[in-house]
K.L.:
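Would you mind keeping the following structure in view while I ask a few things?
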Protein chains: 2
Amino acid sequence: MPINSFVDYPMSWKPDRDALKRPLYLSLALLLEHDIASGYLAPSTKLPPQRELADFLDVNFTTITRAYKLCELKGLIYAVTGSGTFVSPNAARSITISKDKISSECVELGFVASFEQTNPIVALAAKRVMEKSYLEQLLDYNDPTGKPHHKIAGLNWMRAFGIDADIENMAIVSGAQNALAITLLALFEPGNRIAVDIYTYANFIEISKMFRIQLVPIPGDECGMLPNELDNQCLQLEVHGVFLMPSCSNPTTVVVSKNRKKELAAVIRKRNLILIEDDIYAFLTAGFNADYDQPMFQLIPEQTVYICSTSKSVCSGLRVAYIVFGENFKERMIKAVFNINVKTSSLDAEIITELILSGKANEVVEEKKQLAQSANHIFSEFFPLSFHTGHPLSFYRWLPISDNGDGSRMESYFLNKGIRVFHSDRFLSGASTQDKFLRIALASTNSLEELKRGLEILKENLRDLNMYDIP
Amino acid sequence: MPINSFVDYPMSWKPDRDALKRPLYLSLALLLEHDIASGYLAPSTKLPPQRELADFLDVNFTTITRAYKLCELKGLIYAVTGSGTFVSPNAARSITISKDKISSECVELGFVASFEQTNPIVALAAKRVMEKSYLEQLLDYNDPTGKPHHKIAGLNWMRAFGIDADIENMAIVSGAQNALAITLLALFEPGNRIAVDIYTYANFIEISKMFRIQLVPIPGDECGMLPNELDNQCLQLEVHGVFLMPSCSNPTTVVVSKNRKKELAAVIRKRNLILIEDDIYAFLTAGFNADYDQPMFQLIPEQTVYICSTSKSVCSGLRVAYIVFGENFKERMIKAVFNINVKTSSLDAEIITELILSGKANEVVEEKKQLAQSANHIFSEFFPLSFHTGHPLSFYRWLPISDNGDGSRMESYFLNKGIRVFHSDRFLSGASTQDKFLRIALASTNSLEELKRGLEILKENLRDLNMYDIP
DNA sequence: GGATTTGTAGTTCGACATTTT
DNA sequence: CAAAATGTCGAACTACAAATC
């Protein structure tokens with residue numbers, strides 16, 4: 001195609017030449033950002049190639065590179081060498097998932113909570129903590145990375161998952177999300193790249209955007225991310241890290257197999273990547289899954305930040321997570337903990353510690369597992385997916401649908417029908433795919449009865465929309 | 001001076017030509033970083049001008065610009081157009097201030113705590129909270145920016161300082177440092193500039209470094225930052241924000257006067273800056289200082305993030321701070337709260353709320369003020385500085401010393417003598433100054449007796465060193 | 001106060017790698 | 001498998017702004 005073809009084949013985006021001010025690259029980036037935000041450029045639209053747009057605007061093509069790069073860092077577009085530059089699937093809206101207020105009529109199948117029915121046990125432990133003679137010592141600035149006895153309890157807790165570490169190599173922080181923020185700030189720089197599953201934790205996508213870290217989507221199979229694909233991407237781009245949730249990937253429910261962990265660890269070692277291992281669902285997998293051996297941290301401790309939150313396993317409202325890291329990350333991690341938190345409330349940590357040491361935490365876990373089993377059973381009755389290979393106790397399910405429409409419109413549709421669900425578009429780390437899914441939270445209703453009501457609505461509407469064609 | 005003068009007048013830094021790999025700019029930056037970290041290039045060393053070094057290495061001078069820029073973003077060096085490029089005073093070490101373990105023999109006059117003697121009152125409130133019938137509701141994922149009744153209590157609390165806002169325009173986060181991290185992530189980008197006092201909060205310097213935000217030091221007088229100087233800097237550079245602690249600047253104890261607030265607000269409005277108003281010491285100033293009127297937030301609400309932590313006023317171990325922001329920052333701020341915290345423990349917020357609503361928080365404040373008055377009185381007996389113009393109840397004092405040595409060596413010296421103090425170098429936002437100080441924490445000893453012991457050691461040693469020549 | 005020194009910022013150039021055709 | 005399309009990255013060029021002398 002000749003370079004001047006834009007007369008015959010109109011470019012998908014023709015910025016107004018006269019609207020451009022100097023500096024050109026900035027002005028151009030702002031124009032592009034505006035046209036994406038306003039919806040004028042729809043997700044997945046292919047933008048003009050750098051050279052073509054440069055020719056049209058009569059500037060050097062690397063000026064376009066710069067403008068595109070700015071927008072790419074903001075997560076608005078993504079570029080593939082050889083193919084072109086495209087508007088991101090999630091460009092126009094925030095995909096942050098949090099417990100927003102929704103109508104109380106509405107059944108929550110979107111945000112994943114953690115069977116809050118077990119909280120009375122936690123409340124009891126909180127009361128016991130208040131009887132402690134050393135209560136006042138929990139109220140000062142000391143021990144910013146956590147009181148020693150809190151850390152030891154944490155190590156005890158994680159030993160069940162196979163973690164073997166020293167209290168010097170860990171810190172207590174305010175939940176998994178907080179741990180991710182600390183890790184990204186401590187070990188990565190703006191412009192760095194982190195490899196992730198094609199569908200990955202939506203809040204990780206969002207926080208990466210905020211920190212200007214680019215995600216590199218890596219294909220996977222039913223055993224997790226494919227080591228070869230990871231290795232290939234590292235050859236092609238400079239990749240600095242990998243983010244994985246091996247015990248139960250969010251949103252796909254994939255469990256990384258023992259062998260796959262070893263293969264992935266080998267690539268990570270070879271390519272000298274930093275592994276962020278979010279093992280929030282370790283309690284569901286260790287001791288349950290026959291194939292489970294140990295976290296990846298144990299395979300490559302010097303290159304791993306292991307994150308173990310108690311918000312799914314014990315209690316979501318007490319913001320306590322453990323971070324475990326190798327010696328070479330220690331200084332940077334601890335500095336980031338200071339800079340983001342100063343410290344985490346020792347009171348919350350004390351309650352979790354009390355639960356762990358008294359054995360009540362295990363009771364809670366058992367009860368949550370029971371509830372998860374029941375919930376998954378209910379789900380399977382509504383949607384008997386013969387090919388479900390994910391975690392059998394997952395707190396959410398990944399439901400394939402046939403759909404070509406807009407993800408957010410679909411979510412609104414269901415919201416109107418009385419249930420909240422999340423469309424797979426929210427979880428896309430890169431380009432759009434053919435296959436579409438809904439993530440259905442099983443752990444967020446007040447009762448299993450309510451869950452059934454929600455799934456009933458879901459099934460009916462999927463039938464009506466002709467989107468669920470599996471028997 | 002001819003360009004080739006490096007033969008006659010040796011350059012302060014002559015990187016090994018052969019050690020350079022491609023990419024040149026990166027390799028050069030790493031070399032420079034190494035030579036600074038190793039101490040080979042001492043703080044305040046003037047580096048060769050870009051063109052001179054370029055000539056020496058036979059590359060274009062903008063390649064040097066790039067290498068220098070990289071190091072500047074890391075806070076290792078700073079550049080002044082017309083004057084040259086210099087190694088930062090704090091380049092080689094981290095200045096993060098946190099409550100590290102120090103020998104129990106040692107008197108803590110470095111880290112500023114908050115008269116932890118009042119914590120029994122807080123412990124009582126914690127116990128009362130556990131009796132609440134709605135305890136379990138504090139343990140779930142709901143209300144990520146804070147429960148409505150917690151927010152209302154926060155607004156009540158801040159009303160005493162002159163804050164008038166809506167619960168929609170605030171969030172509860174985990175302490176002031178956490179609030180700063182959230183604000184920087186939400187409203188600034190890497191490479192942005194924030195104006196600060198020449199001596200400013202050390203942890204703000206550190207966190208800005210981590211977020212790759214550059215600080216622009218602005219001179220001030222006994223009423224705070226000078227509006228003209230701020231205005232001038234905005235003319236010269238693109239400045240995006242200002243960081244101020246108007247009620248009692250850390251470390252200088254300067255209180256920004258009513259009029260100065262207005263003048264500064266005018267410049268901030270004119271230059272369209274974002275004001276980060278860290279008002280952690282509002283409780284010491286509002287209702288005490290006759291000149292006090294209201295926070296700067298009230299003057300320019302649409303351009304301000306107001307941060308009000310309870311860790312100095314009520315309890316340091318409960319990590320609770322309120323952030324108040326205008327409508328145009330709301331969306332970005334709330335998103336950042338999700339991405340860094342998900343939420344702050346409602347249990348901690350409930351205890352603070354209980355303290356506020358029961359009036360006990362005010363009791364705590366009164367007790368801390370009493371202690372602060374006594375501590376300041378003791379300090380003045382040891383060091384009768386006639387010219388002390390700062391806050392009379394400040395939790396720390398800013399002691400001028402005559403010294404030309406290395407700040408960290410001086411700190412070690414005192415540590416060996418049995419006290420921890422912080423040298424003014426830690427608080428430098430830019431180039432070194434002539435005047436040197438020590439920041440002496442008054443609120444961190446277990447008793448006023450211990451404070452006296454510490455000040456005794458301090459005074460003796462300053463005399464021995466001939467650094468304290470004021471009667 | 002004008003020339004010089006020094007740093008900043010936007011743009012262009014060229015070599016190169018990958019993907020598509 | 002070669003050619004074309006497309007994006008990436010390091011380096012150079014140029015205009016300019018501020019500080020110094």
Side-chain angles (χ1 to χ4, degrees), chain A residues 1-6 9 11-12 20-30 46-55 57-73 77-86 191 193 214 216 232-239 431, chain B residues 1-6 9 11-12 20-30 46-55 57-73 77-86 191 193 214 216 232-239 431:
Chain A
M1 182 165 31
I3 272 192
N4 275 315
S5 68
F6 53 80
Y9 306 89
M11 293 188 296
S12 60
L20 286 183
K21 294 183 189 60
R22 316 217 84 175
L24 297 168
Y25 81 100
L26 235 179
S27 164
L28 193 61
L30 288 174
K46 182 180 192 302
L47 293 173
Q50 297 176 352
R51 284 168 179 83
E52 197 173 328
L53 184 56
D55 196 53
L57 294 174
D58 202 23
V59 297
N60 184 279
F61 77 95
T62 55
T63 302
I64 311 294
T65 310
R66 258 189 104 177
Y68 277 9
K69 192 91 234 157
L70 259 185
C71 289
E72 188 171 9
L73 276 176
I77 61 177
Y78 63 93
V80 186
T81 303
S83 312
T85 307
F86 306 84
R193 295 193 189 85
Q214 291 188 59
V216 182
N232 283 338
Q233 278 293 349
C234 292
L235 262 175
Q236 290 163 23
L237 305 158
E238 197 185 355
V239 176
Chain B
M1 183 170 21
I3 273 192
N4 275 315
S5 67
F6 52 81
Y9 307 89
M11 293 189 294
S12 60
L20 286 184
K21 295 182 189 59
R22 316 216 84 177
L24 296 169
Y25 81 100
L26 234 178
S27 163
L28 193 61
L30 288 174
K46 182 178 192 302
L47 293 173
Q50 299 177 351
R51 285 167 179 82
E52 196 172 329
L53 184 55
D55 196 54
L57 294 173
D58 201 24
V59 296
N60 184 278
F61 79 95
T62 54
T63 303
I64 311 294
T65 310
R66 262 187 101 177
Y68 278 8
K69 195 87 228 158
L70 260 184
C71 290
E72 188 172 9
L73 277 176
I77 61 179
Y78 63 93
V80 187
T81 304
S83 313
T85 307
F86 306 84
R193 295 193 190 85
Q214 292 188 56
V216 183
N232 283 338
Q233 278 294 347
C234 293
L235 262 175
Q236 290 163 24
L237 305 157
E238 195 185 356
V239 176

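Computation of the quantities below employed the complete heavy-atom set of this structure, encompassing side-chain atoms and omitting hydrogens, waters and symmetry-equivalent molecules. Here is the naming used below: chain letters follow the sequence lines, and residue numbers restart at 1 for every chain.
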K.L.:
Output the rounded distance in Å from CG (L53(B)) to C1' (dA11(D)).
P.N.:
15 Å
K.L.:
I want to check one thing: is the phosphate of dT6(D), taken as OP1 and OP2, less than 4.0 Å away from some side-chain N or O of T85(A)?
P.N.:
no
K.L.:
Identify whether any heavy atom of T63(B) sits under 4.0 Å from a base atom; if not, whether one sits that close to sugar-phosphate; answer base, sugar-phosphate or nothing.
P.N.:
sugar-phosphate
K.L.:
May I ask you to verify if any side-chain N or O of T81(A) is less than 4.0 angstrom from the OP1 or OP2 atom of dA17(C)?
P.N.:
no
K.L.:
Would the distance check show the side chain of S83(B) and the main-chain N or O of A79(B) forming a donor-acceptor pair, the cut-off being under 3.5 Å?
P.N.:
no
K.L.:
Output the rounded distance in Å from OH (Y68(B)) to P (dA9(C)).
P.N.:
17 Å
K.L.:
What nucleic acid atoms does L26(A) come within less than 4.0 Å of, heavy atoms only: base, sugar-phosphate, or nothing?
P.N.:
nothing
K.L.:
Between Q50(B) and dT5(C), is there a side-chain N or O to OP1/OP2 distance below 4.0 Å?
P.N.:
no
K.L.:
Which comes earlier along DNA chain C counting from the 5' end, the contact point of G82(A) or that of V59(A), where each point is its nearest nucleotide?
P.N.:
V59(A)
K.L.:
Between dG7(D), dT6(C), dG10(D), which nucleotide has the shortest distance from any of its atoms to the side chain of K46(B)?
P.N.:
dT6(C)
K.L.:
May I ask you to decide if K21(A)'s main-chain N or O and S27(A)'s side chain share a donor-acceptor pair within less than 3.5 Å?
P.N.:
yes
K.L.:
In whole angstrom, what separates D55(B)'s CG from dT5(C)'s C1'?
P.N.:
14 Å
K.L.:
What's the CG-C1' distance between N232(B) and dA18(D), to the nearest Å?
P.N.:
13 Å
K.L.:
Within a strict 4.5 Å, meaning less than it, do heavy atoms of the Q214(A) and L73(A) side chains meet?
P.N.:
yes
K.L.:
Could you check whether any side-chain heavy atom of L70(B) comes within less than 4.5 Å of a side-chain heavy atom of L30(B), counting everything from C-beta outward?
P.N.:
no
K.L.:
Mind calculating the distance between OH (Y25(B)) and P (dA12(D)) to the nearest angstrom?
P.N.:
13 Å
K.L.:
Tell me: NZ of K21(A) to C1' of dA9(C), nearest whole Å?
P.N.:
19 Å
K.L.:
Between dT6(D), dT6(C), dC9(D), which nucleotide gets closest to the side-chain atoms of R51(A)?
P.N.:
dT6(D)
K.L.:
Nearest to the side chain of F61(A) - dG7(C), dG14(C), dT14(D)?
P.N.:
dG14(C)
K.L.:
Check whether any side-chain N or O of N60(A) sits under 4.0 Å from OP1 or OP2 of dC13(C), and answer yes or no.
P.N.:
yes
K.L.:
Please report, rounded to the nearest Å, how far the P atom of dC9(D) is from the CG atom of L73(A).
P.N.:
10 Å
K.L.:
When only distance counts, do a donor and an acceptor, one from the side chain of T62(B) and one from the base of dC13(D), lie under 3.5 Å apart?
P.N.:
yes
K.L.:
For S83(A), answer base if it contacts any base atom (sugar-phosphate contacts may also be present), sugar-phosphate if it contacts only those atoms, and nothing otherwise; contact means non-hydrogen atoms under 4.0 Å.
P.N.:
sugar-phosphate
K.L.:
Would you indicate whether the side-chain heavy atoms of L47(A) and L53(A) approach each other to under 4.5 Å?
P.N.:
no
K.L.:
Go ahead and name the base partner of dT21(C); Watson-Crick or wobble counts if both distances stay under 3.5 Å, otherwise write none.
P.N.:
dA2(D)
K.L.:
E72(A) side chain: which of dT8(D), dT6(D), dC13(D) is closest?
P.N.:
dT8(D)
K.L.:
Whole angstrom is fine here: how far is it from CG in L70(A) over to C1' in dA9(C)?
P.N.:
14 Å
K.L.:
Would you check, one step at a time, whether the test side chain to side chain contact (heavy atoms under 4.5 Å, CB included) holds for I77(A) with F86(A)?
P.N.:
CA-CA 5 Å; I77(A) 61 177; F86(A) 306 84; over 6 Å; no
